[in-house]
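See structure below.
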Amino acid sequence: TNNQLDKAVERYEEILEAEPNNVIAISSLFDIALARNDMKEANKFAGMAREKNIDGCNGDYFAARIAIVSEDQEKALKNLDSCLKQRPVFSGAYLLRSRVNAILEKDDFAIKDAQKAFELNPLSGDIAKNRAFVLYQQNKRLGVNVSSEQEAQTREALLIAIALNKTDVQLQSFYAEYISETD
């Protein structure tokens, strides 16, 4: 797959040379740099994204993603808060903030952001999966104190996530384990 990424980088760089403002090329090169943990390249493309305001929030979304990879969750939260002030209906930012809050074990905030992301974009498989995960994590932490309402909400969230991620075998397996614990 590294060879495929190299080919993708070459192609996106060709596109960027021909079209310096190509949003897809900049975003994709940023994603590849992050995946490779190449922070120098990621910062380069984040700078381009900020200059061109690709995310609609002056690069704060890109900066948050860099902060997450750098394991600076507090900085990521600040960037995402700023992002959402500028773009209050940005489901991707709510999704990311939910994940950061989950890492920090701030269940209430993680769930609130996951729900908001889902309200804004109910057909996203990633958003639905994250919502199910944060609800499950909450239930796990609550243990015997989990209410039947919370249990039902988590089960419904998992079913929606499975429906939106039909080919995700891990998610289906997780659901089978989940219902075997409760049924």
Side-chain angles (χ1 to χ4, degrees), residues 27 30-37 39 42 46 49 55-57 59-182:
S27 296
F30 173 80
D31 290 341
I32 292 168
L34 268 190
R36 289 180 163 172
N37 210 16
M39 300 314 281
D55 56 9
C57 41
D60 285 332
Y61 183 73
F62 288 87
R65 291 184 57 204
I66 288 173
I68 291 167
V69 170
S70 303
E71 297 183 12
D72 188 348
Q73 309 311 331
E74 294 303 326
K75 183 176 181 187
L77 283 178
K78 284 180 184 150
N79 288 122
L80 290 165
D81 289 344
S82 173
C83 190
L84 288 166
K85 280 182 186 147
Q86 296 169 72
R87 266 185 80 188
V89 292
F90 187 3
S91 64
Y94 280 107
L95 169 64
L96 211 53
R97 194 168 74 174
S98 171
R99 288 179 177 164
V100 171
N101 280 317
I103 290 167
L104 296 172
E105 296 184 3
K106 296 179 178 178
D107 288 343
D108 292 341
F109 292 116
I111 291 168
K112 183 179 172 198
D113 285 340
Q115 297 284 32
K116 183 68 174 179
F118 185 71
E119 287 169 19
L120 293 171
N121 193 351
L123 299 178
S124 166
D126 283 346
I127 288 173
K129 198 176 352 181
N130 180 68
R131 180 172 159 251
F133 175 74
V134 296
L135 289 169
Y136 171 77
Q137 286 301 109
Q138 171 192 255
N139 290 2
K140 203 167 121 183
R141 280 196 189 86
L142 288 172
V144 294
N145 296 322
V146 68
S147 71
S148 57
E149 184 181 284
Q150 288 167 319
E151 199 71 52
Q153 183 184 29
T154 301
R155 183 185 295 231
E156 178 195 355
L158 276 166
L159 286 172
I160 291 169
I162 288 170
L164 293 171
N165 295 282
K166 289 179 179 33
T167 59
D168 190 331
V169 178
Q170 281 183 309
L171 185 60
Q172 293 169 3
S173 175
F174 176 77
Y175 179 70
E177 278 182 49
Y178 179 75
I179 61 170
S180 73
E181 293 170 11
T182 57

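Along the sequence shown, the residues carry numbers beginning at 1. Every heavy atom of this structure was used, including side-chain atoms; hydrogens, water molecules and symmetry mates were not.
- The structure places CD of Gln115 at 9.0 Å from OG of Ser98, a figure rounded to the nearest 0.5 Å.
- Residues Glu74 and Leu104 form a side-chain contact, since some pair of their non-hydrogen atoms from C-beta on lies under 4.5 Å apart.
- Among all heavy-atom pairs drawn from Phe62 and Ser27, the shortest one is CZ-OG, 3.8 Å.
- Residues Gln172 and Lys166 share a closest heavy-atom pair of NE2-O, 2.8 Å.
- When Leu84, Leu96, Asn79 are each tested for a side chain to side chain contact (heavy atoms under 4.5 Å, CB included) with Tyr61, only one passes: Leu96.
- Nearest heavy atom pair, residue Ala132 against residue Thr154, reads O-CG2, 4.3 Å.
- What you find for Val100 and Gln73 is that their closest heavy atoms are CG1-O, 3.7 Å.
- Rounding to the nearest 0.5 Å places CG of Leu159 at 10.0 Å from OH of Tyr178.
- Atom CZ of Phe109 has 12 or fewer neighbouring heavy atoms from other residues, nucleotides or ligands inside a 6.0 Å radius.
- In this structure, the separation between CG on Leu158 and CD1 on Ile179 is 10.0 Å, given to the nearest 0.5 Å.
- Salt bridge status for Arg87 with Asp55: absent, with no side-chain N to carboxylate O gap under 4.0 Å.
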Inset, instruction - Could you give me the CA-CA distance, side-chain angles and deciding distance for Gln86 and Ser82, then say whether side-chain hydrogen bond (donor to acceptor under 3.5 Å, both in side chains) is met? - result: CA-CA 7 Å; Gln86 296 169 72; Ser82 173; 3.1 Å; yes

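- Note: Leu80 CG to Tyr94 OH = 11.0 Å, rounded to the nearest 0.5 Å.
- For the atom pair CD1 (Ile160) and CG (Leu123), the distance works out to 10.5 Å, reported to the nearest 0.5 Å.
- With contacts defined as side-chain heavy-atom distances shorter than 4.5 Å, the pair Met39/Ile66 qualifies.
- Here the closest heavy-atom approach between residue Ser124 and residue Leu164 is recorded as O-CD1, 3.8 Å.
- Of all the heavy atoms in Ala117 and Ser91, the pair that sits closest is CB-O, 3.7 Å.
- Side-chain atoms of Asp107 never come within 3.5 Å of backbone atoms of Gln138 as a donor-acceptor pair (strictly under, hydrogens ignored).
- We find that Asp168 and Lys129 are joined by a salt bridge, their nearest charged nitrogen and carboxylate oxygen being less than 4.0 Å apart.
- Once rounded to the nearest 0.5 Å, the distance linking CG of Leu77 with SG of Cys83 reads 12.5 Å.
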Legend entry - Asp31 vs Arg65, side chain to side chain contact (heavy atoms under 4.5 Å, CB included): CA-CA, chis, key distance, verdict: CA-CA 9 Å; Asp31 290 341; Arg65 291 184 57 204; 2.8 Å; yes

Inset, instruction - May I have the step-by-step check of side chain to side chain contact (heavy atoms under 4.5 Å, CB included) for Ile111 and Asn101, ending in yes or no? - result: CA-CA 9 Å; Ile111 291 168; Asn101 280 317; over 6 Å; no

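- Using a 4.0 Å cut-off between charged side-chain N and carboxylate O, Asp81 and Arg97 make a salt bridge.
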Legend entry - From CA spacing to verdict: side chain to side chain contact (heavy atoms under 4.5 Å, CB included), Glu151, Arg155: CA-CA 6 Å; Glu151 199 71 52; Arg155 183 185 295 231; 5.7 Å; no

